[in-house]
Amino acid sequence: MPQVLTLAAFARARIRMSRLNTRSKLDAFQKRRIARFLRDQVPRVSAYSQTSFDRLCQAPVMDKAQLMESFASYNRLGLGADRGWRIFDGMEVAPRGYAVGASTGTSGNRGLYVVSDAERYVWLGVMLSRAFPDLLTQRERVAVILPQTSRLYDSANESQRLNLKFFDLGSGVERQIKPVTAYKPTVIVAPPRVLTALAQADTPLAPRQIFSGAEVLDCADRAIIEARFGLCVREIYMASEGLFAISCPFGTPHLVEDHVMFEWEPVEGSRELRTPLITDFTRRTQIMLRYRMNDLIELDDRTCACGSPQLGIRQIVGRQDDAFSLVSRDGKRVTITPDIIRNAVLNSDRSILEYQVTQTAANEIRIELPPAHETLLKGAAAALQALFSEAGLHPHLVSMVRAFGDEGPRKRRRVLVDMKGEAV
């Protein structure tokens with residue numbers, strides 16, 4: 001049965017992609033599906049049972065804090081967060097036909113999700129149709145190297161078309177290099193830091209495809225990985241909230257707009273970046289209606305060589321709460337996004353491979369480089385100081401040398417805000 005459901009979802013996704021081959025067709029399809037979703041599905045959860053929306057813009061915007069505060073009201077099972085966590089931790093059994101998962105929670109703000117088996121196969125069909133269009137004729141050995149497994153990947157393993165093995169980062173990156181190599185994967189799915197470690201290790205690994213996910217893919221990491229394996233690194237943009245984009249063979253991450261409606265909010269301090277509001281009109285168990293993500297996205301309005309009408313992403317910059325918020329001497333608040341900070345450090349010297357820049361207080365920034373790059377610390381700090389000065393900012397900059405160890409299951413964040421409770 002799992003194989004039949006997977007292949008059916010895969011076929012539907014491929015057919016839909018072939019039919020929605022122009023922007024006008026895609027827009028008309030979204031309009032029909034959103035109207036049906038608002039009419040038939042949204043009222044079935046208690047959060048929206050007393051209201052009705054004729055248009056998407058009439059629905060209120062929600063976020064993770066609201067979802068977790070009233071988790072039971074946003075899913076048709078009436079499953080509360082407390083029970084959800086017990087199920088996730090293995091203390092209770094999930095309702096039959098459903099799975100409960102959680103985000104990794106890079107800042108301690110973890111989010112739950114509940115999904116039906118049917119919805120898992122829809123997601124899987126979308127992923128396979130974009131990542132492995134030759135699934136029916138070519139079998140793959142897929143190594144998934146992540147902090148925790150996902151029921152979506154369990155579904156992939158059940159498909160019998162993929163030989164998939166999960167490698168747990170909880171035991172560290174270095175300890176996974178030998179097992180991954182022994183598995184001889186044709187496809188590797190992993191965070192950039194893991195792909196970089198594999199690229200720099202002396203192994204005979206020769207995958208046919210590489211997918212980056214779970215963390216921001218820096219240009220420096222991309223260059224190392226692609227130089228070693230001779231492949232274009234493709235990206236999977238996925239979170240506990242759903243599957244949002246997968247790169248085409250030309251390397252452009254395309255939004256899965258045949259399953260999710262994206263609205264875009266501007267980001268303070270940037271003309272290019274946007275934060276997505278997502279409405280997943282394929283979900284039935286947990287309603288995701290105008291849900292504000294925490295991600296900073298730069299869209300790509302160029303026509304991709306693959307011909308897809310679905311919007312492309314130029315880069316996934318990072319998280320909104322990792323943007324630095326600083327006050328200039330004239331009292332004006334200025335936002336500096338993670339991509340600008342990363343570029344300043346990397347442009348100071350292209351040999352810098354590891355670093356971390358942290359806003360530690362309202363007017364204090366710390367930059368850390370490993371001992372091997374101690375001689376480059378002064379230049380990197382000067383580049384940051386120049387960046388801030390140009391924006392009319394003069395924070396206190398602390399420069400430090402620190403050994404960077406294996407982060408294990410924790411996501412790598414090279415730019416972050418860690419003010420330990422201090423008000424911004």
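Worth knowing before you read on, the calculation uses all heavy atoms, side chains too, and leaves out hydrogens, waters and symmetry mates.
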Under a plain distance cut-off of 3.5 Å, with no hydrogens placed, do [Y] and [X] share a side-chain donor-acceptor pair?
{"X": "T186", "Y": "E140", "answer": "yes"}
{"X": "S24", "Y": "T22", "answer": "yes"}
{"X": "Q356", "Y": "R366", "answer": "no"}

Taking all non-hydrogen atoms of both residues into account, name the closest pair between [X] and [Y] and its distance.
{"X": "A344", "Y": "A383", "answer": "O-CB, 3.5 Å"}
{"X": "V187", "Y": "P207", "answer": "N-CB, 4.4 Å"}
{"X": "G80", "Y": "F71", "answer": "C-CD2, 4.0 Å"}
{"X": "S46", "Y": "A72", "answer": "OG-O, 4.5 Å"}
{"X": "R23", "Y": "L311", "answer": "NH1-N, 3.8 Å"}
{"X": "V417", "Y": "A323", "answer": "CG2-O, 3.5 Å"}

Are the side chain of [X] and the backbone N or O of [Y] linked by a donor-acceptor pair below 3.5 Å?
{"X": "S129", "Y": "G125", "answer": "yes"}
{"X": "N347", "Y": "N343", "answer": "yes"}
{"X": "S308", "Y": "Q310", "answer": "yes"}
{"X": "D349", "Y": "S351", "answer": "yes"}
{"X": "T279", "Y": "R290", "answer": "yes"}
{"X": "Q66", "Y": "D63", "answer": "yes"}
{"X": "Q359", "Y": "S325", "answer": "yes"}

Spatial distance of atom [atom1] ([X]) from atom [atom2] ([Y]) [nearest 0.5 Å]:
{"X": "D280", "Y": "Y291", "atom1": "CG", "atom2": "OH", "result": "12.5 Å"}
{"X": "M288", "Y": "Y113", "atom1": "CE", "atom2": "OH", "result": "11.5 Å"}
{"X": "D300", "Y": "H254", "atom1": "CG", "atom2": "NE2", "result": "8.5 Å"}
{"X": "I246", "Y": "L255", "atom1": "CD1", "atom2": "CG", "result": "11.0 Å"}
{"X": "L376", "Y": "L369", "atom1": "CG", "atom2": "CG", "result": "6.5 Å"}
{"X": "L67", "Y": "I287", "atom1": "CG", "atom2": "CD1", "result": "11.5 Å"}

Report the relative orientation of the aromatic rings in F262 and W264; use parallel for angles under 30°, tilted for 30 to 60°, perpendicular for over 60°.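 Parallel.
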Ring-plane angle category for Y48 and Y74, please: parallel below 30°, perpendicular beyond 60°, tilted otherwise.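 Geometry flag for Y74 against Y48: perpendicular rings.
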With a 4.5 Å cut-off on side-chain heavy atoms, are [Y] and [X] touching?
{"X": "Y237", "Y": "D295", "result": "yes"}
{"X": "P276", "Y": "I297", "result": "yes"}
{"X": "L195", "Y": "I224", "result": "no"}
{"X": "P395", "Y": "F388", "result": "yes"}
{"X": "E119", "Y": "Q286", "result": "no"}
{"X": "L326", "Y": "I365", "result": "yes"}
{"X": "R234", "Y": "P249", "result": "yes"}
{"X": "I177", "Y": "L198", "result": "yes"}

Checking salt bridge (Lys or Arg N to Asp or Glu O under 4.0 Å) between D258 and each of R12, R130, R19, R32, which is the one that passes?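 Answer after filtering R12, R130, R19, R32: R130.
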Taking only Lys NZ, Arg NE, NH1 and NH2, and the carboxylate oxygens of Asp or Glu, determine whether R414 and E215 approach each other closer than 4.0 Å.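 Salt bridge absent between R414 and E215.
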Do D339 and R342 meet the salt-bridge criterion of a basic N to acidic O distance under 4.0 Å?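 No.
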Checking V142 against V144 for the side chain to side chain contact (heavy atoms under 4.5 Å, CB included) test, could you report, in this order, the C-alpha distance in whole Å, the side-chain angles of both residues, the deciding distance, and whether it holds? CA-CA 6 Å; V142 184; V144 177; 4.0 Å; yes
Run the side chain to side chain contact (heavy atoms under 4.5 Å, CB included) test on F37 and L56 for me, step by step, so that the C-alpha distance in whole Å, both residues' side-chain angles and the decisive distance to 0.1 Å come before the verdict. CA-CA 10 Å; F37 179 69; L56 187 62; over 6 Å; no
Decide yes or no on side chain to side chain contact (heavy atoms under 4.5 Å, CB included) for Q200 and L353, but give the supporting numbers first. CA-CA 12 Å; Q200 294 174 328; L353 299 178; 4.0 Å; yes
Let me see the working for E235 and R222 under salt bridge (charged side-chain N to carboxylate O under 4.0 Å, His left out), right down to the final yes or no. CA-CA 11 Å; E235 295 183 73; R222 179 185 287 277; 3.3 Å; yes
Decide whether a cation-pi geometry holds between R141 and Y183; the criteria are a distance under 6.0 Å from NZ or CZ to the six-membered ring centre and an angle within 45° of the ring axis.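 Yes, a cation-pi geometry holds between R141 and Y183.
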Dump the intermediate steps for side chain to side chain contact (heavy atoms under 4.5 Å, CB included) on K31 and D27, then the final yes or no. CA-CA 6 Å; K31 186 177 180 179; D27 289 342; over 6 Å; no
Tell me whether E374 at atom CD has more than 12 heavy atoms from other residues, nucleotides or ligands lying less than 6.0 Å away.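 At most 12 heavy atoms, drawn from other residues, nucleotides or ligands, come within 6.0 Å of this atom.
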Between Q41 and R283, is a side chain to side chain donor-acceptor pair (under 3.5 Å) present by the stated rule, with each step listed? CA-CA 9 Å; Q41 302 302 328; R283 292 180 70 159; over 6 Å; no
